[in-house]
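Sharing a structure below in C-alpha cells format, with a few things to ask.
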Amino acid sequence: MTLNNIALQTPYLSLDGEFYDLTDPTPLDDPYLISFNPEAAKLIDLDGNSGEDPNFIAMLNGTFIPKGSRTFAMCYAGHQFGNYNHWLGDGRTINLGSVQGWNLQLKGSGETLYSRMADGRAAVRSSIREYLMSESMHHLGIPTTRALGIIGSKTKIVRNKLEQAAVVMRMSTSWVRFGTFEYFYYSGKHDKLEMLAQYVIGESYPHLIDDEDRFFKMFCEVVDRTATLIAQWQAIGFNHGVMNTDNMSIEGLTIDYGPFAMMDDFRYGYVCNHTDRAGRYAYGEQPNVSFWNLTMLSKALTPLIDKERMQKKLDDFGAFVYPNAYVDVMREKLGLVVKLDDDVELITDLVVALHDVYVDHTLFFRTLSRYDGDRSPMYDIVMEPVILDKWLIRYDDRLTYETRTPEQRQESMLKSNPKYVLKNYMIQEAIVMAENGDYSMVDTLMHIATHPYDELPEFERFAGDTPEEYKNLGLSCSS
Ligand code: AMP
Ligand code: MG
C-alpha cells in the first residue's frame with residue numbers, strides 16, 4: 001500500500017471530547033528525511049519503499065494528512081517524581097489515527113492544548129534516541145512502541161544550546177497511560193473513567209469485552225504485563241529514567257524514551273537521568289517504582305473495581321508475580337531449563353557479585369553464554385576475579401542438574417544474551433554525525449539494533465566494554 005491509499009481510522013475520537021483536543025501539526029522548515037524504517041512499515045502494510053515517496057516527509061511534517069485521519073492530542077495526568085500533576089497530556093505529540101491496530105503519532109510537531117510553557121518540539125538528538133532505541137528493544141524481545149521514521153529540519157529550538165528540530169513518527173498498539181485514568185479519577189468524572197476502561201478493553205484486552213468481571217481482569221492483566229516488562233528491563237540492564245505514571249503504558253509497553261540508558265558496568269543504583277538526584281528511578285528501584293505506579297493506578301480505578309481485590313493483586317505482584325517473572329528471565333539468561341528452588345538465591349547472589357566485580361552487564365552475560373568450565377575468559381572481563389570465582393563454583397554445580405548438553409545450553413544462551421545493545425555512547429556518535437548532516441551511523445545502529453544476537457564482526461568495537469570515559473554517564477531530561 002502507498003501513502004496515498006493508506007486509510008486511517010480514529011477510534012479514540014469516539015470517546016468524549018474531554019479525552020483529546022483536535023489540533024493540527026505545525027510544520028517544520030525545510031524538512032528532510034533522516035531515516036525510514038521499512039520493518040515498521042510492514043506492520044501497517046505500507047510499501048517498503050515509502051521512504052522515497054515525497055509524501056512520507058510531508059506526512060511526518062504534518063503537510064500530508066493520510067485518508068481518514070483527523071489530528072488530535074490526547075489528554076492525561078500523572079504522578080511526576082511522586083507528585084500528582086493534573087495537566088500533562090500530549091504536549092508535543094499529535095495523533096493521526098490508527099491502521100492495522102497501530103496508532104500513529106508525530107512527536108515534535110508543535111504546540112497543543114497540553115504544551116503548557118513548552119514549545120511542542122523535539123530535538124534531532126532525542127528523536128534519534130527514541131527512534132533507534134524503541135526498535136532495539138523490540139528486537140531484544142521487550143514490549144515497546146515502534147517508530148516508522150524520522151525527519152530533521154532547518155527549524156531551530158532552544159534547549160541547553162540551539163538545536164535542530166525533528167519529528168519522529170511513533171506507532172503503538174496503545175497510547176493509553178496509567179495517567180489517563182488518573183486524569184478522570186482526580187477530576188471526579190467517574191463515568192468517563194468507565195468509558196476509558198471500556199475503550200482500553202476494546203483496544204488492548206478484547207478477549208475481556210463480554211466478561212462480567214472485565215474491569216478487574218483488565219487490572220490484573222496490566223499488573224502481570226507490567227511485571228513481565230520490568231523483569232525484562234532488569235534482565236537486559238535497561239534504565240528508563242522517568243518512570244512517572246504518565247510514562248507507564250496500560251498495555252505494559254516501554255513508552256516515552258527520554259534519558260534512558262542501557263547500563264555499562266553493572267551498578268544496582270545507577271541513575272541515567274541526572275536531574276533525578278534522589279535516585280527515585282535508579283535501575284535497582286524500577287521494580288519498586290512499578291509497584292508504586294500500579295498502586296496509583298489501582299487508586300484511580302477504585303470507582304470501578306473493588307479496592308480489596310485490587311490490593312490482593314498488588315500483594316501478589318510483590319509476593320510472586322514480579323519475582324517469578326524476574327527469575328524466569330534470569331533462568332533463561334543463565335541457560336537453566338530445570339527449575340530449582342535455590343535458583344532465587346543463585347540469581348540474587350549473582351546480582352551482588354556483578355556489583356562487586358565491576359563488569360559490563362552485556363559483556364558479562366554474552367561471555368557467560370560461551371562458558372564451558374574454563375574460567376579465564378570470565379576473569380578477563382572483570383576487575384575482581386576472586387569474587388566472581390565464588391559464584392562460578394556454584395554455577396558449575398548448578399549446571400550439573402541440567403538436562404541439556406553444554407552445547408545446547410550455550411546455543412540457547414547466545415539467543416538470550418545479546419552481543420549488541422545500543423549504549424548511549426554509541427547513539428551519541430550517531431547524533432553528532434547526524435547533527436553534521438551524516439546519517440550513516442543512524443543506519444548502522446539500526447542494523448545493529450535489528451541483529452542484537454548476531455556476531456557482526458564489522459561492528460566488533462561496539463561489543464566490548466564501554467570506553468572508560470563514556471561509562472555510566474548521566475543524561476539530562478532536556479529533549
Ligand atoms: P515526558 O516526561 O518527557 O514524557 O514529558 C512530560 C510531559 O511534558 C508530557 O506531557 C509531554 O508532552 C510534555 N513535554 C515534554 N517536552 C515538551 C515540549 N518540548 N513541548 C511541549 N510539551 C512537552
Ligand atoms: Mg511522557
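Remember, it's 1-based here, ligands and their atoms both numbered in the order they're listed. Worth saying up front: this structure is predicted, and the values here are computed from it rather than measured. Along the sequence shown, the residues carry numbers beginning at 1.
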Checklist entry - For ligand 1, is there an N or O atom under 3.5 Å from any N or O atom of R92? => result yes
Item to check | Contact check: V242 vs ligand 1, nitrogen or oxygen atoms, below 3.5 angstrom | outcome: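 No; every N/O pair is 3.5 Å or more apart.
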Item to check | Any N or O of Q80 closer than 3.5 Å to N or O of ligand 1 | outcome: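 N/O-N/O distance under 3.5 Å: no.
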Next on the checklist: Looking at ligand 1, is there an atom of it that comes within less than 4.0 Å of some heavy atom belonging to R177?
Outcome noted: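 No, R177 has no heavy atoms under 4.0 Å from ligand 1.
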Item to check | N244 touching ligand 1 at heavy-atom level, < 4.0 angstrom | outcome: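 The answer is no, since N244 has no heavy atom less than 4.0 Å from ligand 1.
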Item to check | side-chain hydrogen bond (donor to acceptor under 3.5 Å, both in side chains): pairs with one or both residues in residues 101-113, sequence neighbours excluded | outcome: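 Checked against side-chain hydrogen bond (donor to acceptor under 3.5 Å, both in side chains) - neighbours excluded - the pairs reaching residues 101-113 are N95-Q105, N103-E203, Q105-R170, K107-E130.
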Checklist entry - Is any protein N, O or S atom closer than 2.8 Å to the Mg ion (ligand 2), and if so, which? => result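 Protein N, O or S atoms closer than 2.8 Å to the Mg ion (ligand 2): N247 OD1, D256 OD2.
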Checklist entry - Where's the contact between L88 and ligand 1, heavy-atom distance under 4.0 Å: side chain, backbone, both or neither? => result both
Next on the checklist: Counting only heavy atoms closer than 4.0 Å, does ligand 1 sit against the backbone of K107, its side chain, both, or neither?
Outcome noted: neither
Checklist entry - Given D90, D246, N247, which has its nearest heavy atom closest to atom 4 (O) of ligand 1? => result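 It is N247 whose heavy atom sits nearest to atom 4 (O) of ligand 1.
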Next on the checklist: List ligand 1 atoms under 4.0 Å from R121, heavy atoms only on the residue side.
Outcome noted: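 So the answer, numbered in order with elements, is 19 (N).
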Item to check | Sub-4.0 Å heavy-atom contact, G258 with ligand 1 | outcome: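 Distance cut 4.0 Å: G258 fails for ligand 1.
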